[in-house]
Every structure is written in structure tokens, then in C-alpha cells.
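Comments concern the structure below.
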Amino acid sequence: MAYNHKQLEKKWQEKWEKEEPWKAEDQSTKPKFYCLVEFPYPSGAGLHVGHPRSYSALDAVVRKRRMEGFNVLYPIGWDAFGLPTENYAIKTGRKPQEITNENTDTFRRQLKALGLSFDWSREVNTTDPAYYKWTQWMFLEFFKAGLAYKAKTMINWCPKDKIGLANEEVVQGCCERCGTTVEKREKEQWMIAITKYADRLIDDLKTVNYLPKIAKQQEDWIGRSEGAEINFEIRNPKSETNPKEESAKKHFVKVFTTRPDTIDGATFVVISPELAKTWMDIGWQASDEVRAYVDSALKREEADRTAEGKEKTGVDAGIKAINPFNQEEVAVWVADYVLGHYGTGAIMAVPQHDERDREFADAFGLPIVDRPLIAFDEAVAKVGGVKTTKYKLRDWVFSRQRYWGEPIPLVHCEEHGWVAVPESELPVVLPPVEKYEPTDNGESPLAEIAEFVNTQCPTCGGPAKRETDTMPNWAGSSWYFLRYIDPQNDQQFASAEKLKHWMPIDLYNGGMEHTTLHLLYSRFWNKFLFDKGLVPTSEPYARRHSHGLVMAEDGTKMSKSKGNVINPDEIVEQYGADALRTYIMFMGPFEEPVPWSTNGLIGVRRFLDKVMTMSEKIGGGPNVELARVMAKTIKKIGDDIEAMKFNTAIAQLMICVNAMQDAGAVSSELFASFLKVLFPFAPHIASELWEKTGYTTLLDTESWPTYDPALIVDDVVTLAVQVAGKLRGTIQVAPTAEQTEVEPPARAEENVAKWLEGQEVKKVVYVPGRMINFVI
RNA sequence: GCCGCGGUGGCGGAAUGGUAUACGCGACGGUCUCAAACACCGUUGUUCGCAAGGACUUGAGGGUUCGAGUCCCUCCCGCGGCACCA
């Protein structure tokens with residue numbers, strides 16, 4: 001029976017709004033459960049169906065938790081700083097904050113229309129000065145601890161637009177807006193020393209429960225390698241003519257290798273163009289050919305240098321080094337397949353053992369020798385090497401030359417250098433500006449605001465200038481889970497007591513696209529705060545799970561340009577929030593990408609209509625068969641929600657309703673249990689029917705149903721009877737029946753008897769409740 | 001190239017080494033209707049057979065096992081991540 005979802009859902013959403021059954025308690029005798037979903041970036045396009053996929057599924061988890069007696073914290077907020085808003089502001093001349101407010105209003109309305117059980121009283125917004133005051137405060141903690149430092153890095157520069165571009169704005173080496181090829185420019189940027197935490201970020205993965213693929217990606221991203229640094233002496237040409245000078249003039253090239261055991265086969269040394277440049281800067285008289293190669297290599301983008309299938313290039317440096325293991329003289333080359341920023345920027349090439357070295361040796365006719373391996377430690381010791389660990393992870397570039405981000409709360413004084421803005425002056429609020437474009441020299445538009453820039457040095461009171469760079473939008477999202485715990489606190493980012501009550505997060509769900517950066521940054525950020533004694537746990541997330549993308553019906557990515565985007569508003573309008581929530585969990589395994597199907601959605605809506613129909617058929621005597629189905633349903637839904645297998649949980653709900661329908665009627669007790677297990681998925685209709693069946697309580701406050709384990713076990717099961725491993729018939733037996741009880745009827749089964757006729761049974765395999773196999 | 005995950009009906013997908021194809025969609029047949037939609041009932045892996053029943057079937061090919069979608073080996077294809085990190 002089709003129901004009026006609009007009226008019904010509105011009624012319950014209003015009721016929930018009024019009664020607030022989802023408010024988390026900061027003090028409670030109940031066990032706590034902190035469930036986190038990645039807060040959305042409130043884009044102008046509104047909610048995508050991908051958002052409800054994660055939010056509905058975790059909503060099902062927390063609804064079950066509440067019914068199990070947990071004090072649940074399930075918060076939501078807005079990660080609202082970012083480029084799309086800023087670009088939209090530039091285009092329309094409107095204020096980013098205004099745009100953000102409109103977008104968050106839309107998102108809030110859309111999320112509420114889905115009946116998600118967020119504790120709305122804890123909403124946070126990263127662009128709210130009361131929020132970013134603490135983002136700035138935490139940055140200053142990094143600064144004071146010496147973990148935030150300024151360094152020269154390369155930024156993406158669009159020569160036509162004359163602005164620095166964020167990595168996200170560079171598409172295949174070109175400016176996203178005008179298509180001009182992006183250049184590299186040197187710029188001083190604030191950096192945060194995340195690499196100091198590299199080991200702990202890897203090692204502590206053992207202490208948390210992440211999906212294996214997530215832990216693996218974190219580990220790979222950090223990229224730890226154990227190896228050794230070994231000096232290769234540079235043969236000083238002068239030493240041949242004047243041996244006395246030899247010891248005084250010794251020069252070395254230091255290489256990093258993870259395979260010191262192969263050193264006997266090292267037939268040449270390769271240094272990166274970056275290292276070659278450094279050598280030239282300190283006086284190396286390189287040939288013109290070398291200079292030309294280094295110049296061109298340094299100009300090119302790294303992406304270009306490391307492009308797929310690229311032929312190896314390089315040039316003979318014209319100098320020799322000594323392999324410290326066997327004292328053989330080897331050539332030194334400069335080649336861009338050796339990276340300047342990793343290891344020592346120089347390698348020993350062992351073409352026999354390394355494919356890249358092999359390729360280079362083949363290309364330039366360098367020697368390849370096959371020598372036996374030496375024990376790792378022995379090799380390192382013999383050549384006087386030093387065991388070292390290197391990481392792929394690089395320090396976090398924390399500056400953006402942009403408007404719509406948290407101002408970095410530092411001032412520069414001629415006398416005192418970089419000085420922290422005192423805590424009493426936080427937050428450093430983003431001032432209004434006329435134009436949101438970056439300036440011609442690539443600085444943030446804040447650099448144009450004299451009143452903002454010119455200030456006093458907090459140390460000496462003398463004239464000083466504010467930093468005009470802003471933070472990346474990873475900043476606000478690195479600690480938002482802490483603010484949910486105590487969102488109104490204006491003395492601290494959150495009280496120690498409340499943090500102790502809620503942390504760590506019991507379950508954190510998000511997309512795989514945030515597995516490396518956001519997850520790593522926020523773990524690092526939390527660890528730093530932990531070291532400062534500001535948060536109670538070293539790891540913020542006890543368990544991390546991820547969801548797959550919702551694809552378009554044709555299996556491709558949904559995109560505005562293709563016009564295949566599903567708008568949640570329209571679905572809610574036409575089929576209802578319960579149908580959308582339930583369908584989106586039913587469509588496939590939670591972790592996998594799944595294509596959208598409007599027909600599938602309609603099927604789920606039909607299921608909800610059937611539930612409505614059954615509510616009219618309550619009555620009849622006890623029905624053991626139905627009681628068994630109900631018991632199995634309660635068990636399966638419970639198990640599946642824990643395992644995040646929402647699709648099979650919903651399949652079981654359907655099986656259960658089909659059984660009720662076949663029975664023609666259902667007792668009020670069984671139906672009540674059914675409504676409780678339906679509730680996490682379709683809370684509106686479950687609540688409505690709960691009320692309709694005469695209950696006055698909210699389902700939210702009811703307890704999760706239990707079942708009689710005896711009902712899970714059937715008295716009679718269908719046993720498969722196989723002859724030589726092939727199914728030849730079935731018989732009805734008790735699941736616990738002994739083999740001696742089962743064998744005679746199995747042999748007697750008409751078709752089985754036929755197959756056994758004239759055969760010698762060599763062996764009988766019996767699995768109670770499953771099958772019996774006569775091996776012939 | 002390396003790492004990870006996957007390949008099951010017409011489609012989305014189920015399946016602790018034990019009756020493959022649950023559940024849903026679609027399709028077909030029927031009931032209701034003047035008719036259609038909705039709803040409900042039935043059928044639906046392929047194939048041989050009137051039927052009883054048989055043969056085949058989880059990307060391909062081998063293997064282990066009484067028994068393999070599931071475990072092992074070789075290969076093909078798709079998706080995701082990393083990509084000259086020494």
C-alpha cells in the first residue's frame with residue numbers, strides 16, 4: 001500500500017527536531033560511542049547522493065547503538081574553506097562567507113530531510129572565527145614547538161594569470177582556468193614537520209583497526225625504507241701528480257642505498273641534477289655539456305621528468321669515484337632519474353640488481369658485472385657506511401597565497417623575526433577585501449590590505465608586518481572531531497574532561513580519496529596535541545572504514561557536465577527519504593563503487609509499501625514459522641550492521657516481510673520486533689507504524705530486540721544427498737541427527753537409490769545439517 | 001612497471017570448503033480492470049527431454065579435496081593506489 005511519504009516524513013522530522021532524541025550527553029553512565037563521518041565541503045551544487053551513502057549507513061549503526069544503550073555522539077559540520085567558494089566569489093563579486101552560509105543552509109536542509117540522527121546542537125564550521133581561532137592557536141603550538149618553519153619550495157605559477165596555483169588547480173601541467181602551461185617558481189612557504197612523526201604514523205597503525213587497504217595506503221604514502229648511507233671517494237685528479245695532497249683534498253659523494261649487500265656490483269655512481277647544481281655552486285668546474293644538462297633538467301617539472309615510459313637521459317660528469325668495497329674506479333654520471341629530494345640525491349648504480357640502473361647502463365654502455373651478495377651488515381661495516389632510514393613522505397606545505405582560508409597568525413618584525421600573535425589577540429580574523437583574486441606577484445589578496453598587514457611586533461611593539469598567507473583547507477579538518485566534543489567552549493578548543501570522555505573516535509567512515517592526506521594529517525595533528533598533553537589518545541580513530549562511490553546508471557562517474565547527477569532532493573520528493581536511505585544501502589556492498597539504479601530504488605520503495613500493507617494485517621494466532629524467521633532476521637540484521645554489510649541486512653528485511661505476507665498476518669509482538677530492526681534503515685516509516693500500533697514511546701529510546709537462540713536452529717533441515725560428489729536428492733532430517741539415523745533414508749531416496757545401485761560405497765562423508773556424500 | 005581489490009544469470013548482487021545464482025531489478029504468463037497503471041499470484045542460469053530425470057555453468061587453463069565461486073599455481077581482463085623513492 002503506497003503511503004504518503006511527504007506528510008509522514010515531515011511529521012517525524014518535526015517531532016525529532018522538538019524532542020531531540022539524538023543529543024549526546026557529556027556526562028553519562030552509559031558506555032559512549034563516538035561515530036564520525038567526514039564533514040562535507042558545502043559546495044554550491046548541494047548534496048550529492050554520495051553523501052547520503054556514508055551518512056545513512058553510519059546512521060543505521062548509531063541508531064542501533066542507541067537502542068543498545070550507548071551514549072552516542074554522531075555530529076556533523078562544514079569544512080567550508082576552499083577554492084571553489086573563493087573562485088565563485090571572484091566570479092560573482094560576492095563575499096565568500098555569504099556564499100558559504102547559503103551553501104551550508106542548503107546542505108543542512110537536505111541532510112535534515114533525510115532524517116539523519118545527527119546531534120545538530122554540535123554543528124561546527126571551519127570558517128567561523130570562533131572555530132578557526134583554535135586552528136590558529138594549534139598552528140602556534142606547532143610554531144612554538146619548532147615544527148612550523150619557513151622554507152623555499154617550488155609552487156605552481158601560471159604566467160598568464162600571474163598567480164600561484166594550488167596543486168588542485170593544475171590539470172595535467174596546465175592552469176585549470178586558462179590552459180597555460182604552469183611553471184615552477186620558488187617561494188618561501190610555511191612548512192610543518194610531519195616527517196618527524198613518520199615512524200609513529202606507521203608503527204601506531206598496529207594499534208588501530210583500519211581496513212587493511214587503508215592502513216596499507218598510509219604506510220605506502222609514508223614510504224619507509226631501511227638502508228645505509230655510504231661514501232664514495234671522489235678521485236682527485238691532483239692526487240696523481242701530487243700524492244702528498246691526497247688526504248687534504250679528499251672529497252666524497254654520499255649515496256643512499258637499501259641494498260648495501262649488492263655494493264660489489266656497483267659499477268657507477270649517479271647524482272641528481274639538483275646535487276650537481278649544488279656542487280657547481282660550491283665550485284665544481286663542470287663541463288658545458290654537464291651544465292646544459294643540469295639546467296634543462298631543473299627547468300622541467302618533476303612530473304615531466306618522471307613521466308611514464310620516459311627514456312633515461314644523463315651525462316657523464318667527467319669525474320671518477322672509488323667503490324669503497326672493492327676499490328675499483330667507477331664513473332660518476334648526472335641523470336634525472338635520480339631524484340634530488342630523496343635520500344642523499346645520489347646513488348650507487350648496481351645494474352645487475354636494479355632495473356633502472358640496468359636500463360641506464362644499457363643506454364650508455366656502462367659496465368654490468370655479476371658479483372656475489374655480501375651480508376647487509378658486513379657490507380655496511382666494511383665500507384664504513386651508516387645505517388639510515390628514509391621516507392617518501394615530505395614535510396607539509398602549509399601556506400596558500402589565497403584569501404579563503406585561516407590567516408596564519410604570525411607577524412614579522414625586523415628585530416625579532418617571526419613572532420606569534422598572542423593568544424589574547426586570536427583569532428586573527430579575515431578582513432573584508434575588495435577583490436578576492438591573488439595579487440600580481442602571487443601574494444594573497446590580504447597583502448593589499450595595509451590595515452591588516454601593518455601591525456606591531458608583540459615582542460617589542462615596533463612596526464611589524466602580518467603574514468598574509470593562509471592555511472590549506474586540510475588545517476580545519478585536521479582537528480574538527482575534537483571541536484564536536486565541546487563546540488561552544490571559548491576558553492579551550494575542548495575541555496580535557498570531555499575529551500577524556502569521548503576520545504578516541506570509535507568508528508570513522510569516509511571516502512578512499514581521503515585515505516592518504518586527510519587521514520595522515522589529522523592523525524599527525526592529534527599525535528602532536530597528544531605529545532603536548534592536550535588530547536588523551538595518541539591515535540584519534542580507533543576504527544576507520546570507507547565507502548565506495550555512487551556511480552551513474554551507466555557505471556561512469558556522476559558529473560555535472562555529463563548531466564547524469566542524481567539530486568537527492570528529487571528522490572526524497574518523489575520516493576521519500578526512507579526509500580533513498582534504504583536503497584542506497586541495499587544497492588551493493590558498502591565499500592564498493594555501485595551504479596545508481598532508479599528501478600532498484602523503486603523496488604525498495606515497493607518493499608516499504610509492503611511493510612505498510614502488513615501493518616494492516618496485525619493479528620492472528622502464534623506462528624512458529626514466522627517467529628523463526630523473525631529470530632533469524634534479528635540476528636542477521638544485528639550481525640550485518642556490525643560488519644557493515646547493509647545490503648544483506650536489507651535483503652533479510654525483505655525476506656522477513658515476504659514471509660509475513662505469505663503468512664497473511666503477523667502478531668503484534670513480531671511486528672514490533674520487525675519495526676525495531678527496520679528502524680535503523682527507514683526510521684520515519686518505522687516510527688509511524690510504531691505509533692500506529694499503539695506505542696507512545698519514540699523508537700529511538702526502545703531497546704534493540706533480542707531473540708530466542710533456540711528459534712534460530714530449525715527442527716528439520718533439508719539435507720543434500722550426494723553420490724560421488726553430485727547432488728542426487730534431498731531428505732528432511734533433524735539438524736543434529738547422527739549419521740546412523742541419516743544414512744538409511746538417504747540411501748532410500750528414490751533417485752539416490754538409483755545412482756547407488758550396483759555401486760560399492762567406499763566412504764560416506766556426513767556434515768550434519770548440510771550434506772551427506774556417498775563416495776563410490 | 002609495482003602494490004591492493006575484483007571478474008558469479010539479461011542487470012545490481014548473495015554464498016563459514018558442503019544444495020551456486022539469496023534479495024532486488026528486468027522479462028514472460030496469469031488475476032483484477034471497459035482498458036491501462038498499481039497491486040497480487042506464478043515462471044525465469046544454459047541446454048537435452050513429453051516427463052521422470054540428465055548434461056553443462058561462477059574470466060581461461062591446470063592442481064589439491066569425498067566435495068572448489070571459495071584454497072594453490074599459470075595466464076587474461078577490469079577497477080583503485082603509487083609511480084625512476086635507489
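Letters A, B, ... are given to chains in the order of the sequence lines, protein chains preceding strands, and every chain is numbered from 1.
Geometrically, A/Lys312 engages A/Tyr337 in a cation-pi contact defined by less than 6.0 Å to the ring centre and at most 45° from the axis.
In the set B/G13, B/A86, B/C23, the nucleotide with an atom closest to the side chain of A/Pro589 is B/G13. Comparing B/U19, B/A86, B/G12 against the side chain of A/Val338 picks out B/A86 as the nearest. Closest to the A/Ala651 side chain, of the nucleotides B/U19, B/C82, B/A22, is B/A22. For A/Gln661, taking side-chain heavy atoms from C-beta onward, the closest of the listed nucleotides B/C23, B/C40, B/G12 is B/C40.
Evaluation of the ring-ring contact (aromatic ring centres under 6.0 Å, His included) test over residues 714-758 of chain A, restricted to residues two or more places apart or in two chains, returns none.
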Task: Under 4.0 Å protein heavy-atom contact, by nucleotide of nucleotides 52-59 of chain B - B base, S sugar-phosphate only - done: -SSSS---

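Contact check of residues 598-613 of chain A against RNA chain B (heavy atom, cut-off under 4.0 Å) returns A/Asn599, A/Gly603, A/Arg606, A/Lys610.
Here A/Tyr521 pairs with A/Trp396, A/Trp474 under the ring pair (Phe, Tyr, Trp, His ring centres under 6.0 Å) rule; sequence neighbours left out. Contacts of A/Lys6 classified as salt bridge (Lys or Arg N to Asp or Glu O under 4.0 Å), with partners at least two apart in sequence or in another chain: A/Glu573. Looking at residues two or more places apart in sequence or on another chain, you find no salt bridge (Lys or Arg N to Asp or Glu O under 4.0 Å) involving A/Glu750. Take A/Asp316 and apply the salt bridge (Lys or Arg N to Asp or Glu O under 4.0 Å) test, not counting sequence neighbours, and it matches no residue. Among residues two or more places apart in sequence or in another chain, the side chain to side chain contact (heavy atoms under 4.5 Å, CB included) test is passed with A/Glu749 by A/Ile731, A/Asn751, A/Val752. For A/Gln574, there are no side chain to side chain contact (heavy atoms under 4.5 Å, CB included) partners, not counting sequence neighbours. Take A/Trp279 and apply the ring pair (Phe, Tyr, Trp, His ring centres under 6.0 Å) test, not counting sequence neighbours, and it matches A/Trp284. With sequence neighbours excluded, the residues satisfying side chain to side chain contact (heavy atoms under 4.5 Å, CB included) with A/Pro768 are A/Tyr766.
The separation between A/Asp640 atom CG and B/A14 atom C1' is 11 Å, rounded to whole Å.
Applying the 4.0 Å criterion to OP1 and OP2 of B/A86, one finds that A/Tyr342 has a side-chain N or O inside that range.
Across all strands, A/Lys392 comes closer than 4.0 Å to base atoms (heavy-atom distances). When heavy atoms are screened at a 4.0 angstrom cut-off, A/Asp357 is found touching no nucleic acid atom at all.
Scanning atom types as modelled, one donor and one acceptor separated by under 3.5 angstrom connect the side chain of A/Lys312 and the base of B/C84.
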Please list, pair by pair, any protein nitrogen or oxygen found under 3.5 Å from a nitrogen or oxygen in nucleotides 15-18 of chain B.
residue : atom : partner  : partner atom : Å
B/A15   : OP1  : A/Lys645 : NZ           : 3.3

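Centroid-to-centroid, the aromatic rings of A/Trp596 and A/Tyr583 come within less than 6.0 Å.
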